[in-house]
There are 2 protein chains.
Amino acid sequence: MSDTTEVPEDECLAVWCAGDDWCAVTCAMDVIGKKWHPVIIHRLLRCDELRFNELSDEVDGITNKMLSQSLDDLEEKELVDRTIVSEKPVAVEYSLTERGRSLERVIDSLEQWGKTHLQPPESEVESA
Amino acid sequence: MSDTTEVPEDECLAVWCAGDDWCAVTCAMDVIGKKWHPVIIHRLLRCDELRFNELSDEVDGITNKMLSQSLDDLEEKELVDRTIVSEKPVAVEYSLTERGRSLERVIDSLEQWGKTHLQPPESEVESA
DNA sequence: CGGTATCCTCATTGATACTG
DNA sequence: CAGTATCAATGAGGATACCG
């Protein structure tokens, strides 16, 4: 029951794209194309579950606001799960949902392309 | 001389991302993550070569300015080739470069994901 | 710890009109 | 046909501070 018809009724994901040709790429980009989404997903893909601050540390450069906002959006899109681990000393853990994990191929091809065609600065990263 | 070391000296593609972890996904997104880039590349992937107006018609919703601007950016990033077909009645054709074509996997996985998880509105597209 | 709230900036996008 | 110029709007993103 998870690969036949994934789209909920309240889901508006498909709406803003349903123009002349539907365009799945544009839609997909609208979902994961936000500035911080790809990295966040990428990290979650590798670490399985992370706390807010761990994520904040992992992503590097992201502000609380953007992390929170991105996570919020990702949750709303059912790509990320938010789990309260502890109430008293507030502790929350973020992980990918099934749907989120399904993005692995996308993120992976993106990463692959980046590594192949953008050239990692492994040998000249210390110049800055 | 086109598949050994693809990165030109003036190329700043790798620069803005060379932070703490390099992050290929973020870099890749910076290249193709612009609003219209994915669709344009997608069309070019399917049509091989298109004129400015054909593209303008294909993309649907894009303005001259954005198309021109996107194409310009794509050219600068060496993803798209601009070929002047005719001088007098100005005619230009756009096509993907090798590098641009290398994005096929990315665009494809993006499209695949979109189609699988965002559900094309084929059966309810006429409600609007 | 895990966020929110506020304010501010500037980049992206768009509409419209004009041109070689 | 294939753009460019200009102006304006929008909103994404960032800095900082505060909260339960």
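Order of the sequence lines sets the chain letters (A, B, ...), proteins ahead of strands, with each chain counted from 1. Below, each value reflects all heavy atoms present in this structure, side chains not excepted, and no hydrogens, waters or symmetry copies.
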OP1 or OP2 of D:dA15 under 4.0 Å from side-chain N/O of A:Thr63: no

Check whether more than 12 heavy atoms from other residues, nucleotides or ligands sit under 6.0 Å from atom CD of A:Glu75, and answer yes or no. yes

Nearest whole angstrom, please: distance from the C1' of D:dG14 to the CG of A:Leu67. 14 Å

Which nucleotide in D:dG13, D:dA2, C:dG3 has an atom nearest any side-chain atom of B:Arg51: D:dA2

What contact category does A:Lys35 fall into here, base, sugar-phosphate, or nothing, at under 4.0 angstrom with non-hydrogen atoms? sugar-phosphate

Given C:dA5, D:dC7, D:dG20, the nucleotide with the shortest approach to the side chain of A:Val90: D:dG20

Whole angstrom value for the distance that separates P of C:dG2 from CD of A:Glu58: 14 Å

Rounded to whole Å, the NZ-C1' distance (A:Lys34 to C:dT12) equals 13 Å

If the cut-off is 4.0 Å, is A:Arg82 near the phosphate of C:dG3, judged by side-chain N/O to OP1 or OP2? yes

Check: C:dG2 base within 3.5 Å donor-acceptor of A:Asn53 side chain: no

Quick one: B:Ile84 CD1 to D:dC1 C1', roughly how many Å, whole number? 12 Å

Compare the minimum distances between each of D:dG3, C:dG3, D:dG14 and the side chain of B:Asn64, then state the nucleotide with the smallest one. D:dG3

Rounded to whole Å, please give me the gap between CD in B:Glu75 and P in D:dA2. 14 Å

When the nearest nucleotide of DNA chain D is assigned to B:Lys65 and to B:Phe52 on a heavy-atom basis, which residue is associated with the more 5' position? B:Phe52

Hey, is the side chain of A:Tyr94 poking within less than 4.0 Å of OP1 or OP2 on C:dC1, counting only N and O atoms? no

